[in-house]
Every structure is written in structure tokens, then in C-alpha cells.
Amino acid sequence: MKKMVALSLIMPFLALGLCGCVPVLLMAVGGIGVYAVSKDTIQADTETSYEAIWDASVKISRTKGAVLQEDFNRGYIEIDARPNKIWIQLIRVSANATKIRVSARKYKLPNIELAQQVFTRIFEESKRLD
């Protein structure tokens, strides 16, 4: 019985490690509060200005593929990076805080690794710009 309880407590962490979500957990420890919202989405609240995150998102999205939609006021970017689709959503929380959400799919299936990669590049670029 004790083994079953211990195993049930450990299994979620093992599952996260096996599905490629370990970088997300490590980044959360680093202090930016990153977490996976769904199987294809990474989200974080950051103490970076909306403009810096937007500029970084535009720069990174143009290196990833064809930008289908780009709207500064709505904070929305859609990218066609064949065979992947990437969506970036920015929400202004305050003057110096922004919520960033990156989703990615490949052949209509979740691609959390690509979402993590794009999120990390945007975050690193925004820190350089801010």
C-alpha cells in the first residue's frame, strides 16, 4: 500500500520528465514562473515591458517562418513554419509586466518542444532589448 501511494506521488513528475517538460520545470525554478498550460502551450508572466516582448516576438517569428498575422494592439502573432504552426499571444498585465503564451502544432498535433524553443528565444531576446 505504501509503495502504491509513493508511486502515485512520483508518477506525475516522471511523466513530465518523459514528455519533455523538464525544461519548463527548471525555468520555473529560475524565477520567471513558466508553466505548460496544455500539451502544446507554454505560458509565463514576466517583469518585462510589453514593447520589449513584442519586438522580440516579431524578430523571432520572422526567423521561424512566414508571418500570417501580426497585431500589436491585440498582442497576437501567427506563424506558418511548415509543417508547424506557431501562435504567440501577449497580454499586458501592467506597465512593466507581460504575460506571454506560445503554442505550437505540427500536422495538427501538439509540439511542446517547439513552443518551449520559441518561448525561450523570445524571452532571451526581450531581455537583451529591455
- Query: Should I91 and I77 be regarded as members of a common hydrophobic cluster, given that ILVMFWY residues are connected when their side-chain heavy atoms come within less than 4.5 Å of each other, either directly or indirectly?
  - Reply: no
- Task: List the atom of S126, the atom of A56, and the distance in Å for their closest heavy-atom pair.
- Result: N-CB, 3.5 Å
- Below 4.5 Å, heavy atoms only, C-beta onward: do I79 and I88 meet side chain to side chain? yes
- Item | Closest non-hydrogen atom pair, A115 against A104 | N-CB, 3.7 Å
- Query: Should T41 and W87 be marked as a side-chain contact (heavy atoms from CB on, under 4.5 Å) after you check the CA-CA gap, both sets of side-chain angles, and the distance that decides it?
  - Reply: CA-CA 9 Å; T41 303; W87 299 270; over 6 Å; no
- Message: Would I112 and D40 count as a side-chain contact (heavy atoms from CB on, under 4.5 Å) here? Give the steps.
- Response: CA-CA 5 Å; I112 194 74; D40 68 344; 5.7 Å; no
- All heavy atoms of F119 vs all of A44, minimum pair found to be CZ-CB, 3.5 Å
- Heavy atoms of R74 and Y50 approach each other most closely as C-OH, 4.2 Å
- Got a second to check how far I60's CD1 is from F123's CZ, nearest 0.5 Å? 13.0 Å
- Item | Residue pair K39, R105: steps toward the side-chain contact (heavy atoms from CB on, under 4.5 Å) verdict | CA-CA 10 Å; K39 292 181 181 183; R105 292 190 159 249; over 6 Å; no
- Task: State the CZ-OH distance between R82 and Y107, to the nearest 0.5 angstrom.
- Result: 10.5 Å
- Task: Could you tell me the separation between the OG1 atom of T48 and the CH2 atom of W54, rounded to the nearest 0.5 Å?
- Result: 16.0 Å
- Query: What's the spacing between L90 CG and I53 CD1 if we round to 0.5 Å?
  - Reply: 7.0 Å
- What is the minimum heavy-atom distance between V93 and K99, and which atoms define it? CG2-N, 3.8 Å
- Message: If the test is side chain to side chain contact (heavy atoms under 4.5 Å, CB included), which one of N111, I42, V102 qualifies with Q116?
- Response: I42
- Decide, yes or no, whether a salt bridge links R121 with E124 under the criterion of side-chain N to carboxylate O below 4.0 Å. no
- Side chain of E125, backbone of A52: donor and acceptor closer than 3.5 Å? no
- Message: With rounding to the nearest 0.5 angstrom, report the CD to CD distance, Q69 to E78.
- Response: 5.0 Å
- Task: Please tell me if the side chains of L114 and K106 come closer than 4.5 Å, counting only heavy atoms from C-beta onward.
- Result: no
- Note on the structure: What one should report as the nearest heavy-atom pair of E47 and A97 is OE2-CB, 4.0 Å
- At what distance, to the nearest 0.5 angstrom, does OG of S57 lie from NZ of K64? 13.0 Å
- Message: For residues I122 and F72: do they belong to one hydrophobic cluster (side chain heavy atoms under 4.5 Å, members Ile, Leu, Val, Met, Phe, Trp, Tyr)?
- Response: yes
